Amino acid sequence: MTIKQFPDPQIKLWMAAIKPPMYSVAIMPIWVGTSVAFAETKSFNSGIFFTFIAAAILILAWENISNDVFDSETGIDKNKHHSLVNLTGNKLLIFWLGNLCLVSGLLGIIAIAIWQQDPTLIGLIILCCALGYTYQGPPFRLGYQGLGEIICFFAFGPLAIAAAYYSQTQSWSMASLAASVIVGIATSLILFCSHFHQVKDDIAAGKRSPVVRLGTEKAAQVLYWFTGIIYPLIVLFVLWGFFPVWTLLSCLSLPFAFQLCRHVQQNHHLPEKVSNCKFIAVNLHFSCCLLFGLGFMLGG
């Protein structure tokens, strides 16, 4: 007797709503900032590292969940079947679930601050959260003005890397600041790519994303520069002595960069085909940042 396989569209929708691959966005800044700290101090506090990782995942979950809530209020997600609000039909429940994730994540950050008897980390993370709120939260909704990528760059780049580095060293570093530029660009790339397939919905809701402003064809051309700048910057910082030569391992992620740019160039005007480009961008972000951090570990 054979067991018939029944694909469950509902499970696929829930997985698309939860977006497990996207949580590398929370993990990689902590990994890179901690790796830079290890390279410079030769010390590593695993308790702080893993607590920070858990807290970052919970805080990103809050941001993703609350964005679904805020988007449901503008009507931009009316065709988004994998919105958590649309799946549950209960906006209030999703709103408080997001707040629970935020509070839980902040408790982890507070625990680190208590261990270190230093509130600096709390301030940095609250600033990250405040920036995250302005992206979609009322009355700001800066993402609707096309400022999401800039917010993303600072929240997941300089601020997150500084926080991760500080959590290990309770100090600051020019190398971590330089590293934050790489991580910030790679992270913003994911958000930029997420706009290509939803131009019509964005225009209908009054959202002026960079892809809406530029048009998909010109945005696909900008993507080449946006993606390509990552690797020359790494080489430049290696030559300037900010990064160890081992960080050039991140260049092994170049196949994902080529795949991303080629895919978007060919399909920028086809929403059905280009919709997966953000996941290629996630692969690029994950592999580049993972190897980048490993380079600091090996070069330390």
Side-chain angles (χ1 to χ4, degrees), residues 22-46 48-60 63 105-106 108-109 112-113 116 118 120-132 135 149-191 229-231 233-234 236-238 240-244 246-247 249-250 253 282 284-300:
M22 292 293 185
Y23 286 88
S24 65
V25 169
I27 296 169
M28 287 301 111
I30 316 306
W31 160 246
V32 172
T34 300
S35 297
V36 177
F38 177 79
E40 293 187 347
T41 66
K42 306 302 183 293
S43 65
F44 170 67
N45 188 314
S46 60
I48 287 176
F49 175 74
F50 287 111
T51 301
F52 206 157
I53 289 285
I57 289 172
L58 286 165
I59 291 170
L60 183 61
E63 187 166 347
L106 289 177
I109 299 302
I112 296 173
Q116 296 183 327
D118 185 343
T120 304
L121 187 64
I122 298 174
L124 287 169
I125 297 304
I126 287 178
L127 186 53
C128 285
C129 293
L131 278 177
Y135 172 59
E149 281 71 11
I150 297 173
I151 292 170
C152 185
F153 173 83
F154 284 102
F156 292 96
L159 285 174
I161 298 287
Y165 183 90
Y166 194 90
S167 71
Q168 293 285 327
T169 65
Q170 292 182 272
S171 63
W172 313 105
S173 160
M174 285 302 296
S176 69
L177 179 60
S180 74
V181 174
I182 307 301
V183 177
I185 294 173
T187 309
S188 298
L189 196 62
I190 299 172
L191 182 58
I229 197 174
I230 293 172
Y231 301 96
L233 279 175
I234 293 173
L236 190 61
F237 283 128
V238 167
W240 282 348
F242 285 103
F243 301 163
W246 281 101
T247 55
L249 281 171
S250 56
S253 65
V282 169
L284 168 59
H285 170 272
F286 177 78
S287 58
C288 180
C289 293
L290 181 67
L291 293 166
F292 185 51
L294 181 61
F296 279 102
M297 287 289 188
L298 293 174

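Just so it is clear, the model here is predicted, and its values are computed rather than measured.
Every side chain to side chain contact (heavy atoms under 4.5 Å, CB included) that Thr169 has, sequence neighbours left out, goes to Ala37, Thr41, Tyr165, Ser171. A search for side chain to side chain donor-acceptor pair (under 3.5 Å) contacts involving Ser167 returns nothing, not counting sequence neighbours. Taking Phe286 as the reference, nothing meets the ring pair (Phe, Tyr, Trp, His ring centres under 6.0 Å) condition, with sequence neighbours excluded. Looking at residues two or more places apart in sequence or on another chain, you find a side chain to side chain contact (heavy atoms under 4.5 Å, CB included) between Thr51 and Ile112, Trp115. Take Ala113 and apply the side chain to side chain contact (heavy atoms under 4.5 Å, CB included) test, not counting sequence neighbours, and it matches Ile122.
For the atom pair SG of Cys152 and OH of Tyr135, the computed distance is 8.0 Å after rounding to the nearest 0.5 Å. Atom CG of Leu298 and atom CG of Leu291 lie 10.0 Å apart (nearest 0.5 Å). Taken to the nearest 0.5 Å, the CD1 atom of Ile48 stands 8.5 Å off from the CG atom of Leu121. The CZ atom of Phe156 sits 8.5 Å away from the NE2 atom of His285 when rounded to the nearest 0.5 Å. Between Tyr23 atom OH and Leu58 atom CG the span is 9.0 Å, to the nearest 0.5 Å. Atoms CD1 and CD1, from Ile182 and Ile230 in turn, are 7.0 Å apart once rounded to the nearest 0.5 Å.
Closest non-hydrogen pair, Pro244 versus Val238, comes out as O-CG2, 3.7 Å. Heavy-atom minimum distance, Trp31 versus Leu290: NE1-O, 3.1 Å. Ala160 and Cys128 get closest at one heavy-atom pair: N-SG, 4.1 Å. The minimum heavy-atom distance linking Gln116 with Gln168 is given by the pair NE2-N, 4.4 Å. Here the closest non-hydrogen pair linking Ala39 and Phe296 is CB-O, 3.4 Å. Of all heavy-atom pairs between Ala186 and Cys289, the closest is CB-SG, 4.4 Å.
Atom CD1 of Ile229 has 12 or fewer heavy atoms from other residues, nucleotides or ligands within 6.0 Å.
Counting only residues at least two apart or in different chains, side-chain hydrogen bond (donor to acceptor under 3.5 Å, both in side chains) contacts with residues 152-163 are absent.
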- Query: Going through the distances and angles, do Ile190 and Met22 end up as a side-chain contact (heavy atoms from CB on, under 4.5 Å)?
  - Reply: CA-CA 9 Å; Ile190 299 172; Met22 292 293 185; 4.0 Å; yes
- Task: Test side-chain contact (heavy atoms from CB on, under 4.5 Å) on Ile185 and Leu233 and set out the steps.
- Result: CA-CA 11 Å; Ile185 294 173; Leu233 279 175; 3.8 Å; yes
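Remark: side-chain polar atoms of Ser287 are not paired, donor with acceptor, to backbone N or O of Ser253 under 3.5 angstrom.
Using cut-offs of 30° and 60° for the angle between ring planes, the Phe237 and Phe243 rings count as tilted.
For the pair Phe242 and Thr247, the minimum side-chain heavy-atom distance is 4.5 Å or more. Under the 4.5 Å side-chain criterion, counting only non-hydrogen atoms from C-beta, Thr34 is not in contact with Phe52.
Tyr231 and Ser250 form no side-chain donor-acceptor contact under 3.5 Å, judged by distance and modelled atom types alone.
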